[in-house]
There are 2 protein chains.
Amino acid sequence: MSRAVLSFVAAALLVVHDGHVSTASTARERARAEITREIVEVGRAHLAREGAAALSLRAVARDLGMVSSAVYRYVPNRDALLTLLIIDAYNSVGAAVEGADAAQRRSDLPGRFLAIARSVRGWAIEHPHEYALIYGSPVPGYAAPEDTTGPATRVPMVLIGVLVDMVADGRAPQPRRLPRKVRASLAPMMQAVPDTVSEDLMLRGLSSWGTLLGTISLELFGHLHNVVEEDPALRAAFFDHQMTRVAVDLGLAPED
Amino acid sequence: MSRAVLSFVAAALLVVHDGHVSTASTARERARAEITREIVEVGRAHLAREGAAALSLRAVARDLGMVSSAVYRYVPNRDALLTLLIIDAYNSVGAAVEGADAAQRRSDLPGRFLAIARSVRGWAIEHPHEYALIYGSPVPGYAAPEDTTGPATRVPMVLIGVLVDMVADGRAPQPRRLPRKVRASLAPMMQAVPDTVSEDLMLRGLSSWGTLLGTISLELFGHLHNVVEEDPALRAAFFDHQMTRVAVDLGLAPED
DNA sequence: TCTCTACTGTGAGCAGTGCTCACATAACAG
DNA sequence: CTGTTATGTGAGCACTGCTCACAGTAGAGA
């Protein structure tokens, strides 16, 4: 994606997420912010209904009663709109997970983990196309633009919060010795995390995160067809059980 | 997908995977089989280069020097070609994994698991767009056509083989007691599996499968950016470590 | 061997897409 | 009030999936 498009996304974010942006602005600027917001909103509706592959700028324009070329005044191209929707989706799931975590007793570590896991799954089931957009195959090119990385970290940050509290409460398992290369591989992550969290704990956390997303993706993308009963209650029981086991393996809960 | 299209896929499979199909056929039938094979082959090349989203029947037709409407004599629509490519991809990764497993000593359970995991990851890195097509967001509708389910089970079957051998060698962990609903949820799977494998072991296996795919998806879809060093050797070390841990949690290897 | 049917290839065409551009018009800044 | 800048318009290009009337051609049966 070009520089111009990137700087657009940065600008649009102010508009979209501050809601009603700097009120001390000209009528033109307010109109621009409003219309940009509408475009993203309609885009999200289309995404939710038909999926990313079917998202069309022309259809969005029609819904808004404007000619198709007019939306290019607000969004440089289709991929840029998708990028905004990706950011939107990350924030949506991020908010849900943060809320679920906050609703638990801080000291109830396995309860928090299970609440987080359920919350991700619940959000995914409610927003399957959005989930596919952010955790399935990336559609606009391979490198996610930098703008998405911030919102993308919200859910992992909540998980890391659990790990941090586990250490603080003295309930973290004894860190294992790790091969040099494995330690080295984690360098970027360790820079962004309180150094109370050991590399070993980080690895356990990443594994849990992988299991969490892997299990949800298996379910959502149809790979549990003919494997796990389709009945929602049974699916939920299955998921809860698997996540409870993950919590145990992570060291959050004692072996039963 | 319509009945007609489904029956097409079934027919095309004979053509594509028997290689040179029933030689006791008319020249016309042989030509048809050959051209169908070429279409799938060119389609796979396009998929590998540009990804599923960019796959175009017209471009495939151009590459084959035929007019675009002619390919519709062989493939009813774009989704049907994608379905063939999905089956192709499942068979490709399936063959790779079966080979990797067979190359290990049968009794070396953790070695087999690690070989399987590495083989899936290796294949995924070599064929990122194919991986995205089968394990990322499903693109042609939500319900994968029945034709894909057979090839899709090849990799899981290899994993189940390890579980079966684990039981046969008396190295399976003592099955845990499970909640009634969790047991019930597994009914479909348990029908397809030797009854030496307990529900509990099946759950552990599914968890490992989720972790395996989840970890690879995290890496391939860019979610380890700024988390795990990009250097391929370090990425490999990270993955191997994680999978070794999974093997331990699965009960394949002793706690070190 | 001839005829009729069923298959294969052709090119035009329809409706839709992303995106660009010349142009008009409106809003703002000086 | 004037000149610049932002916004909306409609035509147009190149592309897509897919259909269809038409022209050949291969194969099966008489």
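Chain letters run A, B, ... following the sequence lines, proteins first, then strands; residues in each count from 1.
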Grab the N/O contacts between the protein and nucleotides 16-18 of chain C below 3.5 Å, and write none if there aren't any.
unit_1: C:dT17; atom_1: OP1; unit_2: A:S56; atom_2: OG; d: 3.2
unit_1: C:dT17; atom_1: OP1; unit_2: A:R62; atom_2: NH2; d: 3.2
unit_1: C:dT17; atom_1: OP2; unit_2: A:R62; atom_2: NH1; d: 3.3
unit_1: C:dG18; atom_1: OP1; unit_2: A:L57; atom_2: N; d: 2.7
unit_1: C:dG18; atom_1: OP2; unit_2: A:L57; atom_2: N; d: 3.4
unit_1: C:dG18; atom_1: OP2; unit_2: A:R58; atom_2: N; d: 3.1
unit_1: C:dG18; atom_1: N7; unit_2: A:R58; atom_2: NH1; d: 2.3
unit_1: C:dG18; atom_1: O6; unit_2: A:R58; atom_2: NH1; d: 2.9

If a pair satisfies side chain to side chain donor-acceptor pair (under 3.5 Å) and one of its residues is in residues 66-76 of chain B, list it, with sequence neighbours excluded.
none
Its contact letters, B for base, S for sugar-phosphate only and - for none at protein heavy atoms under 4.0 Å, make nucleotides 22-30 of chain C read B----BS--
Qualifying side chain to side chain donor-acceptor pair (under 3.5 Å) pairs, either residue in residues 217-228 of chain B, two or more places apart:
B:R121-B:E219, B:Y131-B:S217, B:H225-B:E230
Under the side-chain hydrogen bond (donor to acceptor under 3.5 Å, both in side chains) test, which residues partner B:S185, sequence neighbours left out?
none
Residues forming a side-chain hydrogen bond (donor to acceptor under 3.5 Å, both in side chains) with A:E41, sequence neighbours excluded:
A:R37
Can you name the residues that form a side-chain hydrogen bond (donor to acceptor under 3.5 Å, both in side chains) with A:W123, not counting sequence neighbours?
A:S92, A:H127
Contacts of A:E98 that satisfy side-chain hydrogen bond (donor to acceptor under 3.5 Å, both in side chains) - sequence neighbours left out
A:R154
Can you list everything that forms a salt bridge (charged side-chain N to carboxylate O under 4.0 Å, His left out) with A:E38? Sequence neighbours excluded, please.
none
How would you list all residue pairs meeting side chain to side chain donor-acceptor pair (under 3.5 Å) that involve residues 49-67 of chain B, not counting sequence neighbours?
B:H46-B:D63
Classify A:L81 by what it touches in the nucleic acid, base, sugar-phosphate, or nothing, heavy-atom distance under 4.0 Å.
nothing
Which nucleotide span of DNA chain D, 5' end to 3' end, has atoms closer than 4.0 Å to non-hydrogen atoms of chain B?
D:dT16 to D:dG27
Side chain to side chain contact (heavy atoms under 4.5 Å, CB included) with A:P156: which residues, sequence neighbours excluded?
A:W209
Where do A:P188 and B:V228 come nearest, in terms of heavy atoms and distance?
CG-C, 4.0 Å
